[in-house]
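A short write-up of the structure that comes next.
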Number of protein chains: 2
Amino acid sequence: MSTATGPRILVVDDEPNIVEVVSMALRYQGFEVATAANGAEAHAQVEAFRPQLLVLDVMLPDTTGFEIAERLGAQRSSIPIIFLTARDAQEDKLRGLTTGGDDYMTKPFSLEELVARIRTILRRTGQGSDESNRMVFEDLELDDDTREVLRAGQPIDLTATEYRLLRYLLSNPRRVLTRAQILDHVWEYDFGGDARVLETYISYLRKKLDAHGPGLIHTVRGVGYALRAPR
Amino acid sequence: MSTATGPRILVVDDEPNIVEVVSMALRYQGFEVATAANGAEAHAQVEAFRPQLLVLDVMLPDTTGFEIAERLGAQRSSIPIIFLTARDAQEDKLRGLTTGGDDYMTKPFSLEELVARIRTILRRTGQGSDESNRMVFEDLELDDDTREVLRAGQPIDLTATEYRLLRYLLSNPRRVLTRAQILDHVWEYDFGGDARVLETYISYLRKKLDAHGPGLIHTVRGVGYALRAPR
DNA sequence: CGCTATAGTTACCGTTCGGTACCATGTCGT
DNA sequence: ACGACATGGTACCGAACGGTAACTATAGCG
């Protein structure tokens, strides 16, 4: 049912591309999304849109994400924030903020990672769905808290990229995902490298997953990949 | 929605950041939290919120924590207080108060420490959960009263920082904790130093813990650490 | 039946990340 | 005041990771 409105998220960034990419991804995930390109718009949108979570670029044309966070004052405690910052920014400033239930990510990030963090925070603050942090498909289980992956009860060790890829596949079981979709979600949004990496990592995943059972990752030639039950 | 209400705690401090950080941490721990920024608000909240414990900054804009404590009068005996004070403040005044079942901490403190003290006091006054003061994971035991740590029955000597770190890990068994989370909880909340310290202390802990058994602290590369059963 | 495009696998290398030993500073107790 | 110990910072090493590339396998199609 498409009328079920998901949690409201406000995305604030002055780079239109980021806003575009992020908000589309979040809408597709069922969130309600509003956007703002500067501090003034952000404050207006907080009033009008009443978001349950903010995705907030630290560097904005007219202010900083920190200032916005401060000016939110009392409401602040009920609106967690995910700060976006350049890779080399001093993390100390941010670190203090994460204790408040906030979090931060360094640009460029993967959308898969962002969605995962949003889900974690909303779950923690009880505003999200009471969905488990656990994804299951056939005899494959993935627990996002412990970061444990089990195939037929057997624990499987995955690297960070392998894990992101598998989680994305698991979040869209049976659906065929195109190469472009997977690259866009699992790799950093500005990844410009060879698209062949994907095949490599699919290969890695299959090797580790199928050591304990028949193949779950199905190739759809000319299109992409899909998670399907083995026959 | 399961709003299982934990013990009610009132946090009083005029620094919004402190209130923010502390109240979020306590809420996450399952406490019900109200806040106040000055003496007037504090008194009002004691009336309205009926907290079972106060976290009370000594220096407030309109009064001092001591005065608030005094004015609470008769109710006082049933509401223990944790005073917060700057490091170099006269600790003599505070020491007298701790005998009454109260406690004090100097800023900056670690959240892990604050939560531990709150738990201790609530347990003592019988208002807390009937949770044991003992944490156990596999063959690892930690007793918060005696500050004893046992691995496979063997006592292990830990320094203060090592102990806080281990306790935080034990309070989130199996869950992967990010570097930022650990630094935020185990080190003082304004710790801005090099995050490498963490690895150093993980190393110390492993050395001491794993002298009596297989590794319990598991590295999740690119993310953080988790307490896991050895396989 | 064989050619071509697409996918899979493996190997390799540069870089990053984590572990540990070592050192400087601070704190506490005697 | 001194010594011992805890804490935090630095440096260096090794391992793991990610991405590229080269080679192999396979499917689709004329």
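Quick caveat: nothing in here was measured; it's all calculated off a predicted structure.
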Side chain [X], main chain [Y], donor-acceptor under 3.5 Å:
{"X": "B:Arg174", "Y": "A:Thr146", "result": "no"}
{"X": "B:Arg164", "Y": "B:Glu113", "result": "no"}
{"X": "A:Ser203", "Y": "A:Glu199", "result": "no"}

Whole angstrom value for the distance that separates [atom2] of [N] from [atom1] of [X]:
{"X": "B:Arg206", "N": "C:dT20", "atom1": "CZ", "atom2": "P", "result": "6 Å"}
{"X": "A:Asp194", "N": "D:dA22", "atom1": "CG", "atom2": "P", "result": "11 Å"}
{"X": "B:Asp210", "N": "C:dG19", "atom1": "CG", "atom2": "P", "result": "12 Å"}
{"X": "B:Glu199", "N": "D:dA11", "atom1": "CD", "atom2": "P", "result": "15 Å"}
{"X": "A:His218", "N": "C:dT6", "atom1": "NE2", "atom2": "P", "result": "19 Å"}
{"X": "A:Glu188", "N": "C:dT16", "atom1": "CD", "atom2": "P", "result": "12 Å"}
{"X": "A:Leu198", "N": "D:dG18", "atom1": "CG", "atom2": "P", "result": "14 Å"}
{"X": "A:Leu183", "N": "D:dT20", "atom1": "CG", "atom2": "P", "result": "11 Å"}

Are OP1 or OP2 of [N] and a side-chain N or O of [X] less than 4.0 angstrom apart?
{"X": "B:Arg196", "N": "C:dG19", "result": "no"}
{"X": "B:Lys207", "N": "C:dA21", "result": "yes"}
{"X": "B:Ser203", "N": "C:dG19", "result": "no"}
{"X": "A:Arg179", "N": "C:dT6", "result": "no"}

Between B:Tyr204 and B:Gly224, who's closer to the 5' end of DNA chain C by nearest nucleotide? B:Gly224
[X] side chain, from C-beta outward: closest of [options]:
{"X": "B:Val197", "options": "D:dT20, D:dG8, D:dA22", "value": "D:dG8"}
{"X": "B:Thr219", "options": "D:dG19, C:dG18, C:dT9", "value": "C:dG18"}
{"X": "B:Thr159", "options": "D:dT7, C:dT9, C:dT16", "value": "D:dT7"}
{"X": "A:Trp187", "options": "D:dG19, C:dA5, C:dG19", "value": "D:dG19"}
{"X": "A:Tyr201", "options": "D:dT20, D:dG9, D:dG18", "value": "D:dG18"}

Tell me if the side-chain of B:Arg221 makes a donor-acceptor pair with the base of D:dC17, cut-off 3.5 Å, by modelled atom types. no
Check each of A:Val58, A:Val12, A:Thr106, A:Val55 against A:Leu84 using the side chain to side chain contact (heavy atoms under 4.5 Å, CB included) test, and report the only one that passes.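 The residue from A:Val58, A:Val12, A:Thr106, A:Val55 that satisfies side chain to side chain contact (heavy atoms under 4.5 Å, CB included) with A:Leu84 turns out to be A:Val55.
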Take atom CZ of A:Arg175 as the centre, draw a 6.0 Å sphere, and report whether it contains more than 12 heavy atoms from other residues, nucleotides or ligands. no
A:Tyr168 and A:His185 aromatic ring geometry - parallel, tilted or perpendicular at 30°/60° bounds: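 A:His185 vs A:Tyr168 ring planes: parallel.
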If you assign B:Glu162 and A:Gly193 each to the DNA chain D nucleotide with the nearest heavy atom, which residue ends up on the more 5' nucleotide? B:Glu162
Would you mind classifying the nucleic acid contact of A:Arg164 as base, sugar-phosphate or nothing, using non-hydrogen atoms under 4.0 angstrom? nothing
